[in-house]
Structures are given as structure tokens and as C-alpha cells.
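Since the structure comes first, as C-alpha cells, the remarks are kept for the end.
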Number of protein chains: 2
Amino acid sequence: MKDNHLRSDCSICYAIDIFGDKWTLLILRDMLFEGKSSFSEFKASEEKIATNILTARLKVLDAEGFLIKTASAANKAKYLYSLTDKAIDLLPVFVELFAWSDKHRAVKPPCNPIYKRLEANKSETIPAYAAELKQRRDAILGA
Amino acid sequence: MKDNHLRSDCSICYAIDIFGDKWTLLILRDMLFEGKSSFSEFKASEEKIATNILTARLKVLDAEGFLIKTASAANKAKYLYSLTDKAIDLLPVFVELFAWSDKHRAVKPPCNPIYKRLEANKSETIPAYAAELKQRRDAILGA
DNA sequence: CAGGATCCCATAGGATACTG
DNA sequence: CAGTATCCTATGGGATCCTG
């Protein structure tokens, strides 16, 4: 994809142009549902992302306004990645994607309890969880 | 991705392993929202997919149970691609993705009226549209 | 019209080693 | 710990031509 050159005006295409690959959504999953916020935590996920890919994806997510990078207060050599509202707004997409996957894949894996919590009563549970995420973020950023 | 080798048990990862690329969701979009059902119609979409990629993606979508390929009744050399329930079940994902994109992209493009119809009253409109799609499909397949 | 076949390039991504 | 730097391979993908 050429930089800053949209393939079309389509809204779906806009989304795919940003995170239509094998890794970006997994990083966002880690942040949205696994409470992860650092390079080494992402690296430790079971899909085993390579460090060069991880660096590249974090850079894009930053540039596209999905996350904010700050230095850790405790450890100067450590960085923390916080979610923007734009990223948190992807929650409904993840919930639907999860529900679909859970319905159609052959093997049923043990699933993250947070998903289960969000599947029922979506119009209440999702905004509530989004608020939690924003609260955690603001605590870290000291906003 | 190695064939039939899942990177992890994660449900999100399952979905990404199938359609985590720049083209697959656009083909499904064309089928779900644009009423397209043939090779040449997909090829004509404004993102200009290459024929080798299109062939490859259709093959994967077929193998993964997203569509059914049948010979056209009218034209023997023509094939029709119909959506399976598995593909139609992606409707909620598309609707949320569309809503997210529409909220966060800088430029607001003129949008497909079908999306607008599905954004309100989702729990009624989405199943209704899904039923429409299945009806159309069954008419074609003569089921 | 639906694709297959080729050629070729760019990017994705894996593995490993290294640095502040 | 958070990357950078390489090196290498595999795949994605564009362009073009060809065939039943």
C-alpha cells in the first residue's frame, strides 16, 4: 500500500488499510483484553511476533492514533503503550469478531472471560468496559 | 501462515489467519453489500484487485466454507459465488467495522445506504438483512 | 468471461545478533 | 528492557499475456 494513498473511499477499506495484516489486531487484542502495555509483554504472546515486526506495527499504530507511548515512571528504560479512544472504540468489532469465530471454528478453545462478559447485554457491558479501560489509561498518563 | 497450522488457540487469531489481509474482506463486502457474485464483478471494484490474487482469495474462501461456487445457468463459462451462512454471519462484524471507520476517519465518504439501514436497531435489521441474503442465495442455488 | 501462467518486484515476516 | 540491524526466505501483489 502506498503511503497515504487510499485504495478507495470505502469505510471497510479504510480499516483494512490500517490493520489488514496478521499482527496488528493481535497487539490491540493484547491491549484491550489482556491488560498488556509493554513491548516485552507483546513479544511474550503465544503467537510469537518478531521484534522487527512488533516495532513496525507499534510505529504505525502510533502514527494512526491508536496508542500513546510514554516512558515508564518506575523504569526509565521501559515504555508504556496506552490506548486512545480511537482504539478503545474497536471493542464492538472485537466482540462481534469473537462471537463469530467462536460460533464457526471447529475447535472450541477455552476463552477469555472478558469476552464472555461482553457478549451479553452489549449495550451496557461494552461501554462499561470501555470506561474501565479509559480510567486505567488516564491513571497511567496522569490525565 | 503454514497450512492448517494455527498460530494460537485465540479466536481473534483464527479469524485473522483466514481474512487478515488486504483483499479478502473486500470480496466479502462486495458479496454482502454490493450484490456482487461473479469474478468479473469483483474484478471491477474500484480497488482494482489483480486476477491472480482474486483467484487465490476465492479459492481460500471456498476452502474455508465462506462461499459456494456454481456454474451459471445462463452462461456455461460463467460461475456464480454464493454466500454460506458462515459468511453471512460476519454481518455484525462489518456493521461495527463500518461504524468505527465512519466515526474515526478524517474524510467522510458518501456511504452505502445498506450500512445506514443496519446501523439502527441492529438486533432487528441485521437478522432481517441476513434472511434476505439467504433467500437470494437459495433462489440461485435452487435449494 | 473466468481464470491460469508468468515474470518480477516489494513487502512481510522469521531468526539471530547486537546496542544504549 | 526496548529496541536496531542484518540477513534471508516466503508471500503478496502488480502487470501482462494466454486459453477454453
Side-chain angles (χ1 to χ4, degrees), chain A residues 1-8 13 16-28 30-31 36-64 67-82 140, chain B residues 1-8 13 16-28 30-31 36-64 67-82 140:
Chain A
M1 210 50 38
K2 295 129 199 167
D3 265 2
N4 296 326
H5 182 256
L6 297 170
R7 287 186 290 175
S8 79
C13 196
I16 294 176
D17 278 343
I18 300 177
F19 49 73
D21 68 272
K22 300 283 184 222
W23 295 106
T24 306
L25 284 182
L26 297 184
I27 297 173
L28 290 172
D30 283 352
M31 298 185 74
K36 297 190 177 182
S37 58
S38 72
F39 191 93
S40 49
E41 286 174 323
F42 302 141
K43 193 160 106 58
S45 290
E46 60 174 333
E47 291 90 2
K48 298 291 162 235
I49 189 170
T51 62
N52 54 345
I53 306 296
L54 179 52
T55 300
R57 291 300 173 276
L58 288 173
K59 200 164 295 180
V60 171
L61 285 173
D62 191 359
E64 295 289 343
L67 47 81
I68 302 162
K69 180 181 182 177
T70 54
S72 162
N75 181 346
K76 273 188 46 138
K78 181 166 184 162
Y79 292 87
L80 291 179
Y81 298 89
S82 304
I140 289 175
Chain B
M1 208 51 38
K2 295 129 197 164
D3 264 3
N4 297 326
H5 182 255
L6 297 170
R7 286 186 290 176
S8 78
C13 194
I16 295 176
D17 278 343
I18 300 176
F19 48 73
D21 69 272
K22 301 280 184 225
W23 295 106
T24 306
L25 285 183
L26 297 183
I27 297 172
L28 290 172
D30 283 352
M31 299 185 73
K36 297 189 176 183
S37 59
S38 71
F39 191 93
S40 49
E41 286 174 324
F42 303 142
K43 193 158 108 58
S45 290
E46 62 175 332
E47 291 89 3
K48 298 291 161 236
I49 188 169
T51 62
N52 55 342
I53 306 294
L54 178 52
T55 300
R57 292 299 173 276
L58 287 173
K59 199 164 294 179
V60 171
L61 285 173
D62 191 1
E64 295 289 342
L67 47 80
I68 302 163
K69 180 181 181 178
T70 54
S72 161
N75 182 346
K76 271 187 49 136
K78 180 167 183 160
Y79 292 88
L80 291 178
Y81 298 90
S82 304
I140 289 175

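Bear in mind the structure is a predicted one, so any value in this text is a computation, not a measurement. The sequence lines fix the lettering, A, B, ..., with proteins before strands; numbering per chain opens at 1.
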* To do: Any chance you could measure A:Leu54, atom CG, to A:Phe42, atom CZ, to the nearest 0.5 Å?
  => 7.0 Å
* Round to a whole Å and report the spacing from CG of A:Leu26 to P of C:dA12. => 16 Å
* Spell out, as yes or no, whether a donor-acceptor pair under 3.5 Å connects the side chain of A:Lys22 to the backbone of B:Asp21. => no
* To do: Pick base, sugar-phosphate or nothing for B:Tyr79, based on heavy-atom distances below 4.0 Å to the nucleic acid.
  => sugar-phosphate
* **Euclidean distance, atom CG of residue B:Asn75 to atom P of C:dA2 [Å, nearest integer]** => 7 Å
* Asked: Between B:Ser38 and C:dA2, is there a side-chain N or O to OP1/OP2 distance below 4.0 Å?
  -> yes
* **Atom of B:Tyr81, atom of B:Phe39 and distance for their closest heavy-atom approach** => CE1-N, 4.0 Å
* Contact under 4.0 Å: B:Lys22 side-chain N or O vs D:dG14 OP1/OP2 -> no
* To do: Could you check A:Ala77 against A:Glu47 and say which one's nearest nucleotide on DNA chain C is further toward the 5' end?
  => A:Glu47
* Listed nucleotide nearest any side-chain atom of B:Ile53, set C:dA2, D:dG14, C:dG3 -> D:dG14
* Asked: From C:dA2, D:dG3, C:dA12, pick the nucleotide closest to the side chain of A:Arg57?
  -> C:dA12
* Asked: For B:Glu47, does its backbone N or O pair with a side-chain atom of B:Ser45 as donor and acceptor, under 3.5 Å?
  -> no
* To do: Please answer whether the main-chain N or O of B:Ser37 pairs with a side-chain N or O of B:Glu41 as donor and acceptor at a distance below 3.5 Å.
  => yes
* D:dG3 phosphate, OP1 or OP2: any side-chain N/O from A:Thr51 under 4.0 angstrom? -> no
* Asked: Is there a donor and acceptor pair closer than 3.5 Å between the side chain of A:Asn52 and the base of D:dG3?
  -> no
* Asked: What is the distance, rounded to the nearest whole Å, between atom CD1 of B:Ile49 and atom C1' of C:dA2?
  -> 14 Å
* Grab the CZ-P distance between A:Phe19 and C:dA12 for me, whole Å please. => 16 Å
* To do: Verify the contact: side-chain N or O of B:Thr55 to OP1 or OP2 of C:dG3, cut-off strictly under 4.0 Å; return yes or no.
  => no
* Structure fact -> With the side chain defined as heavy atoms from C-beta on, A:Ala50 is closest, among C:dG14, D:dG14, C:dC1, to C:dG14
* Roughly how many Å is it from CZ in A:Arg7 to C1' in D:dG13, rounded to a whole number? -> 11 Å
* To the nearest angstrom, how far is B:Lys36 atom NZ from C:dC1 atom P? -> 14 Å
* Asked: How long is the line joining NZ of B:Lys43 and C1' of D:dG13, in whole Å?
  -> 15 Å
* Structure fact -> Rounded to whole Å, the CZ-C1' distance (B:Phe42 to D:dG13) equals 19 Å
* Structure fact -> Looking only at C:dG3, C:dA2, C:dG13, the nucleotide nearest the B:Lys78 side chain is C:dA2
